[in-house]
Every structure is written in structure tokens, then in C-alpha cells.
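Written below as C-alpha cells is the structure these notes are about.
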Amino acid sequence: MRNTIDSVASETDDKPEITPQAELRHNPTSFLKLILLGFSIVGLPLIAALIYSAIRIDQLADQSRQTIYQATEITHGSSILIDEIIVMERSVQHAHILEDISLLEGYFQAHTNFEKTAIKLIEASPYLEQQLLLEKLQLLETTIFREILTSYNTPQNLRDLLNQFANLLILAQNFSTENYRIIGQKVNEMSEMALRTRTLVEWELLILIPFVILLALAFSVFIARPLRQLDEAIYNMGQGKLSSAVKITGPENLKYLGSRLDWMRRRLLKLEEQKIQFLRQVSHELKTPLSAIREGANLLAEGVTGDLNKKQQQIVDILQTSSIQLQKRIEDLLSFSALQADKVALIKQRTNLAHIITTVLKDQNLSIMSRKIKIDLTCPDLMLECDKQKIGIIIDNLLSNAIKFSPQGSCIKISAIQMDQTIQLDVIDNGSGIDITDEDKIFEPFYRGRSKPSSHIRGTGLGLSIAREYALAHGGNIELVKHGGQGAHFCLTLPIQDPEVQP
């Protein structure tokens, strides 16, 4: 025993095979980087779409602003041209009527403003049609100006020029009309451009939103997968399932954590093997002196060493009862060790369930009579293929618990029925029942509930665990049935035929 404990300590003190410095030095990728990468890839299409939409809207706004500015400038300039033509015509008309050359001063000033405005409009207008009209206006106005200079000393000749101002005014009005037409055309173009931009943004949203959702789901699955693997590995270790290796895929730091969990799994597996070996060795070592004690107690009870008085007989009875209980505890330990080592061998044969129950009741007859318990048995002749010894252990453990926790003079109900290809056996007592905090743990090895038997030594907590393992090995199960009445209700289900044998 000392050597076993020392070996456990030495195994526990061993260092893990993989050091974190060495693992992380070769694999620097982290879970945080994976999350940041996922957010970046998911957000990149949306950011690109927003930037593109902003650029398109900015271009539309610039073009609209430029078009509005040009239209305003040209409209204002065309109105100035018309006003200056009217002023020039009026000045020439006054000079002709009054035959006063000094009245042409207004004409020359209007001519100067007209030229400046026409040059400014030519520079501002990007449209060829308007530029041609402006050049034609300039040419006609320049012709009139030269003729006025020629007729400067003879105001009577100005009369012939008045008709040309009418043509000049018509050209200016045509320019204004053409300007309004171009403005309307540009407004329509901007409306179409705005509509195309809106349609493009809508299509981007229709395409990008499902794409981004799919990307988010894909990265969620990719990120959550190693976490699920870690959770499953921890759960399996908590349930004692240590046979499967822990494998974590994903970032290197999570892989490293998985390797540490696998190292812990191997250590627990070694400790579990050492524990089972220790229990097996101790159990076998206890059986030899126990056999001697039982043999000695039997010899004393048979009177080999002489007749016993009443008190001596009571002491011998206590020795026999206690040795039987101790033998049962040792057998439970040996059975548990065999279960943990996956060495459950079932020797199945065609058996009558009622005969197994009757045999168990005979073995428990002394305890039943001492507590004055009544057994209500309902079991027809039901045949099934099973390991008779293992099924007997299952029923014995269920009945022992029922007797242990049942009050004096109470009744234990045992009933068996057949349902299709399954036999259901119910064991119901009238004891204190199972505490609500123990309901999920009563089948765990070495677990003993809060309820304490009134006149029995507490067991090892292996009976129900062994019984359930034997039931599962037969393809059945044992469950605690929750009911509103008093006491505990256990239900054993067993297949009639061996589930491994094909019909």
C-alpha cells in the first residue's frame, strides 16, 4: 500500500510533456487574433460598401453643386445681356431722335458691360451650343458698335441700326431659352444619376447583407468549434470518460490548452488505474482474514469448542452478521473494480425472473424478519436471457436499500410485468425516500445520500452504481421514479432477449 501511494505521488509530480513557452514560441497565433480577424473580414464588405456609397454621393453632390452654380451664373449673365441690349437700344434711339451725340454715352457704357458679361459667360459655359450663341451675339454686337462709331458724327444715320438691336435682342432671348433647356436637361441627368446611385446602393445592401450574415455565421461556427471541443472534453473528464484523447482544432493557444487537458486526462487515467488496482489488492487481501473470521464464527456457532450460553451465542450471531456484511462490502469493491476495468463478462442463459427474486428474498429473509417487513410480491413466470448472478446482484442491491430505509413493520412492494419485448421490475418502499438534492447523484460510485438508515451501518455507496452498470450491460437500465407518495421507487427494465443476437 505504501508503494502504491508513493507511485501515485511520483506520477502526479511529473512535469507535463509540453511546456507553454515552447508551444507558444512556435505557434504565436492566438484566439484574440482569430476574433479580430473574423470581425475584420465580416466588417470589410460593409466598410467598402459605405465608402463606395459615400464617394458616389459626394460625386453627385459635387456635380449638382457645380451644375447649379453654372446655371445660376449663366442665367444671371443672360439677363444682364438682355438688359444691356435694351439700354444700348434706348441710348441709340434717344441720340437719333434728339440728334445729340452725347446721349450715346449710355450706349458705350452698356457696350462695355455687354462685352465683359459675354466674355465671362463664354468662359463659364461648358456647352458648345451656348458658346456659339454667345459668339454670334458678340459678333452682331461688335458689328453694331463699329457702325455706330462710323455714324458718330451723323446721328441721322443711327436710325438704320435700330432694327439690328431687335435681332440682337432675339439672339439674347434665344440664348436664355437655350440656357433653360440645358438646365432642364442637366436636372434630368442628375435625377437619373441619383436614381442609379440609389439603385446601386439598394443592390449592394441586398447582396452584402446576406453575404455578411453568412460570413458572420461561418466565423461564429469556426470560432465556437474549439470552445465546444473544450467544453466536451471537460464534460467527458468530469463524467469519468477518459479513454478518448482530447483534440482541439483552432488557434495555437487553444490547441495548447487542449494538449494540457489531454495531459490531465492521461494523468487521471493513470490515477484511476492505480486506484482500481489498489482496491482490487486490498479487497483480495481482506478476503483471507475474513474467511478465517467467518470460519471461526461458524465453528463457535456449531458448538465445536463447547456449548455456548445465551450471551455468547448473541456475540457469535453479531460476528456472523458483521462478517456477512463485510464480505458483501468486499464483493462490491471487487465488482466495482471489474466494472472500471471493463471486465464485465455476462454468462447469459434462459432464466425465470420469479426464481431469481425468490432466491434473493431467501437470502434477505433474516433482515426482513428482524424488521418485521412485509413483502408484497407480484411476479408471474417471466423468462428472459440474462446473467442470473448479475441480475440477482441487481435485485439484491435494490431490495437491500429498500429494507435498510424502511421503518419497522412496513411493506415493500415488488412487481414485475412484461411490456412488448421488455420486462419492468418495480421496487417500492415506505421509507423516508430520496432527498431532492440526491436524486441526480445516487447512481454515482461511493456516493451516499443524506438519508441515514435507522439501524444499519451505512454502505459503501457502490450498490446502486454496480446495479445500474449491470443493467446497462444487459441492455436495460435502472431509474429512480419520482412520485408523490412516501418512500423510494426504483424501476428496472431488462430486454427479454439478448439485444446483441439478431433475430
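FYI, side chains are in, hydrogens and waters are out, and symmetry mates aren't considered; it's all heavy atoms of this structure. Position 1 is the first residue of the sequence, and the numbers go up from there.
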Do [X] side-chain atoms and [Y] backbone N/O form a donor-acceptor pair below 3.5 Å?
| X | Y | result |
| --- | --- | --- |
| Asp429 | Ala488 | yes |
| Thr117 | Phe114 | no |
| Asn179 | Phe175 | no |
| Gln424 | Met419 | no |
| Asp58 | Ala54 | no |
| Ser176 | Ala172 | no |

Search all heavy atoms of Ile478 against all heavy atoms of Ala471 and return the closest pair with its distance.
CG1-CB, 3.9 Å
With no hydrogens and no angle check, do the side chains of [X] and [Y] hold a donor and an acceptor under 3.5 Å apart?
| X | Y | result |
| --- | --- | --- |
| Tyr69 | Arg65 | no |
| Thr493 | Asn477 | no |
| His474 | Asp387 | no |

Charged N to carboxylate O below 4.0 Å: is that the case for Glu178 and Arg181?
yes
Using the side chain to side chain contact (heavy atoms under 4.5 Å, CB included) criterion, which residues pair with Ser244? Sequence neighbours excluded.
none
Separation between CD1 of Ile395 and OH of Tyr470, rounded to the nearest 0.5 Å:
14.0 Å
With rounding to the nearest 0.5 Å, note down the distance linking NZ in Lys255 to OG1 in Thr249.
7.5 Å
